[in-house]
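Some notes on the structure that comes next.
Numbers here simply count residues along the sequence, with the first being 1. Note that this is a predicted model, so its numbers are computed, not measured.
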Amino acid sequence: MTSADNLRAFKRDGRIVIVGASLAGLRAAEYLRDEGFTGSLTMIGDETGEPYDRPPLSKQVLTGWVPADGTLLPRRREIDAEWLLGVPAAGLDLATDNVRLADGREVPFDRVLIATGVRARPWFVESEAELDGVFVVRTREHAEGLQRALAAGPSRVLVIGAGFTGSEIASICRERDIPVTVAELAPAPLVGALGAMIGEVASDLQRAHGVDLRCGVKVTQLEGDGQGKLRRAHFDDGSTLDVDVAVVALGGIRNTEWLQGSGLAAGVWGIACDTGCRAMDLNGMVTDDVFVAGDVARCPNPVYEYRLISLEHWVNAVEQAEVAAHNMVNSQADRWPHLSVPTFWSIQFGVNIKSVGVPTFADEVVVTQGSVSDRRFVAAYGYQGRVTAAVSFNNAKWLDHYRRLIETAAHFPPSCPTPDQPVDSKPVPVDFPGPLLLAQGATVVVTGHNPSERRVTAAYQHHR
């Protein structure tokens with residue numbers, strides 16, 4: 001049989017397993033059927049319900065506008081899949097082409113897509129994390145529980161972490177007239193994602209809306225009342241705070257532990273893959289039958305010097321799912337690269353924050369349009385003299401222009417012949433925090449390193 005005959009046979013009778021039944025996994029399954037794949041399709045997920053949308057959990061669900069069970073992802077089409085839900089994957093055997101489930105079952109595949117995403121980083125003391133009143137926000141059940149707690153009218157809420165999720169939760173508390181304290185180890189909110197200048201703007205925004213913002217401090221203990229209910233938080237400066245609710249918003253943990261021993265280049269930053277979403281092994285070789293998509297993927301981007309970049313973005317998950325699905329059922333000559341420029345958005349304290357590009361890949365930032373004091377502006381980010389990202393506060397209509405500047409490696413600082421161009425704005429250092437804080441606060445993490453540095457050890461495996 002020719003390679004074309006083999007491909008047709010695979011599309012007709014092949015076995016594809018998708019590990020991760022959320023946004024990227026569902027969209028990939030739909031795209032596979034769109035591409036004409038009529039073989040066996042299996043969906044594996046650790047949650048028991050159907051795939052749902054996560055961004056509304058920290059926004060509309062907590063306000064009470066949308067019930068938690070109203071966040072199901074719409075189906076673009078029927079996917080005719082076998083659903084194995086409520087049991088997580090526990091291992092991947094590339095010698096036998098099997099996914100091992102936590103209950104001992106093995107699921108055979110010809111090709112597998114890994115879309116296991118991230119989970120919320122829990123509070124570091126398990127007994128304190130289990131106190132009544134301590135929450136994380138990642139799943140539908142998390143959001144539903146926190147919504148009930150906020151609806152009960154707590155005397156004060158403590159949000160631990162001022163990244164996007166923490167800031168959105170603080171915003172919702174103030175919208176509901178609930179006193180809220182935000183504790184952030186970094187110098188300002190959003191600094192891990194957008195740098196010091198935008199961090200100052202975010203600080204002013206929170207305090208203007210009545211948030212008790214405490215930066216440069218660490219919560220050291222969550223104290224219970226002896227009946228298992230949260231009553232007080234302790235800080236590393238010796239102070240304490242009486243609280244009814246604490247929300248741990250310290251970022252996510254990529255779900256890669258189950259891949260230990262698989263031979264894939266998987267770790268805390270995700271799973272390394274090429275631009276075609278094909279996973280790499282520990283020695284940097286691209287696999288033929290293992291693909292990656294969504295938050296768990298570390299994908300190189302030529303716009304950013306082919307650095308491996310991890311993205312916790314809704315749009316990125318959908319786009320990677322489409323590329324991965326297409327490439328799983330097409331020949332080498334017909335495969336697509338995933339080359340899009342990342343986009344992200346957040347709404348907090350009445351401000352619509354949107355970004356394009358990778359702000360963490362920058363050494364300078366400058367306000368190019370609008371007014372910071374009015375909280376209506378655009379800031380451009382640059383790296384070694386070229387534009388790499390842009391962030392807007394209530395001024396998103398210009399972001400397509402900045403996307404083109406990024407894609408064409410336009411000079412930084414860019415010229416913006418618009419009526420709202422500041423007359424005295426100058427580039428300043430972007431000033432991101434150290435690697436530990438950056439990892440907790442950013443939704444985009446550039447994880448590449450200098451090629452002259454050797455930081456991994458090759459793991460040789462026997463051929464089949």
Side-chain angles (χ1 to χ4, degrees), residues 22 46-49 52-71 117-185 189 206 211-214 217-225 227-235 240-253 255 312 346-348 440-441 443:
S22 192
D46 59 351
E47 296 188 58
T48 56
Y52 57 88
D53 209 9
R54 296 190 190 275
L57 299 182
S58 61
K59 301 177 177 70
Q60 293 91 337
V61 171
L62 294 187
T63 62
W65 295 347
V66 176
D69 60 4
T71 58
V118 303
R119 64 186 185 276
R121 187 179 300 277
W123 185 242
F124 65 95
V125 180
E126 185 176 354
S127 60
E128 297 175 13
E130 293 175 351
L131 289 171
D132 181 13
V134 179
F135 297 88
V136 295
V137 179
R138 180 63 188 176
T139 70
R140 192 164 52 184
E141 290 73 20
H142 293 155
E144 189 172 30
L146 180 55
Q147 195 279 330
R148 287 196 301 266
L150 297 181
S155 61
R156 180 163 294 274
V157 172
L158 170 65
V159 178
I160 307 172
F164 283 106
T165 298
S167 297
E168 289 172 359
I169 292 169
S171 174
I172 288 167
C173 287
R174 295 309 301 138
E175 184 178 333
R176 302 184 69 152
D177 200 28
I178 298 171
V180 60
T181 296
V182 174
E184 171 57 52
L185 189 57
Q206 293 203 15
V211 174
D212 171 28
L213 177 62
R214 306 184 184 189
V217 298
K218 181 179 181 180
V219 178
T220 57
Q221 180 187 358
L222 297 175
E223 179 187 342
D225 63 0
Q227 305 299 318
K229 183 171 177 55
L230 174 69
R231 70 170 182 175
R232 187 173 295 123
H234 296 253
F235 298 84
T240 62
L241 183 72
D242 291 341
V243 294
D244 300 320
V245 172
V247 184
V248 181
L250 296 176
I253 300 173
N255 294 314
E312 294 179 41
S346 173
I347 297 177
Q348 48 191 266
Q440 291 183 1
T443 57

Worksheet item: So which pairs with a foot in residues 148-162 pass salt bridge (Lys or Arg N to Asp or Glu O under 4.0 Å), sequence neighbours left out?
Response: none
Worksheet item: Got more than 12 heavy atoms from elsewhere within 6.0 Å of NZ, K229?
Response: yes
Practice prompt. With the side chain counted from C-beta on, respond yes when I178 and P154 share a heavy-atom pair under 4.5 Å apart, and no when they do not.
Written response: yes
Worksheet, complete the sentence: On a heavy-atom basis, the closest approach of E184 and G163 is OE1-N, 4.2 Å
Discussion item. For E130, give me all partners under side-chain hydrogen bond (donor to acceptor under 3.5 Å, both in side chains), at least two apart in sequence or on another chain.
Written reply: none
Worksheet item: Minimum heavy-atom separation for F235 to V219, with atom names?
Response: CE2-CG2, 3.7 Å
Discussion item. For the CD1 atom of I169 and the CG atom of L158, what is their distance to the nearest 0.5 Å?
Written reply: 11.0 Å
Worksheet entry | pair V157-C173: side-chain heavy atoms closer than 4.5 Å | yes
Item to complete: Evaluate the side chain to side chain contact (heavy atoms under 4.5 Å, CB included) criterion for residues T240 and E223: first the C-alpha distance (whole Å), next the side-chain angles of each, then the deciding distance (0.1 Å), finally the verdict.
Response: CA-CA 10 Å; T240 62; E223 179 187 342; over 6 Å; no
Practice prompt. Report the distance from atom CG of L230 to atom CG of D132, rounding to the nearest 0.5 Å.
Written response: 8.5 Å
Fill in: Spatial distance of atom CG (L241) from atom OG1 (T181) [nearest 0.5 Å]
4.5 Å
Worksheet item: Which pair of non-hydrogen atoms, one from A162 and one from V182, has the smallest distance, and what is that distance?
Response: CB-CG1, 3.7 Å
Worksheet item: Partners of V248 by side chain to side chain contact (heavy atoms under 4.5 Å, CB included), sequence neighbours excluded?
Response: W123, V134, V136, I160, L250
Discussion item. Apply side chain to side chain contact (heavy atoms under 4.5 Å, CB included) to residues V61 and R140 and explain how you reach the verdict.
Written reply: CA-CA 9 Å; V61 171; R140 192 164 52 184; over 6 Å; no
Discussion item. What I'd like to find out is whether the side chain of P189 reaches to under 4.5 Å of the side chain of L213, using heavy atoms alone.
Written reply: yes
Worksheet entry | Set of side chain to side chain contact (heavy atoms under 4.5 Å, CB included) partners for I253, sequence neighbours left out | R119, R121, P122, E257
Item to complete: Would you give the length of the straight line joining atom CG of L131 to atom CG of D225, rounded to the nearest 0.5 angstrom?
Response: 8.0 Å
Item to complete: Report the distance from atom OG1 of T220 to atom CZ of F124, rounding to the nearest 0.5 Å.
Response: 7.0 Å
Fill in: side chain to side chain donor-acceptor pair (under 3.5 Å): pairs with one or both residues in residues 241-250, sequence neighbours excluded
S155-D244, R232-D242
Practice prompt. Sorted by first residue and then second, give each side chain to side chain donor-acceptor pair (under 3.5 Å) pair with at least one member in residues 166-178; sequence neighbours left out.
Written response: S58-E168, K59-E168, S167-Q206, E168-S346
Fill in: Test item: V118 and R138 side chains (from C-beta on) under 4.5 Å apart, heavy atoms
yes
Practice prompt. For the pair L146 and V245, evaluate side chain to side chain contact (heavy atoms under 4.5 Å, CB included) and give the outcome as yes or no after the intermediate values.
Written response: CA-CA 9 Å; L146 180 55; V245 172; 3.9 Å; yes
Fill in: Rounded distance [0.5 Å steps], NE2 in H142 versus CZ in R54
9.5 Å
Item to complete: Give the minimum heavy-atom separation between V180 and A170, together with the two atoms involved.
Response: CG1-O, 4.0 Å
Worksheet entry | V125/L222 under side chain to side chain contact (heavy atoms under 4.5 Å, CB included): CA gap, chis, key distance, verdict | CA-CA 9 Å; V125 180; L222 297 175; over 6 Å; no
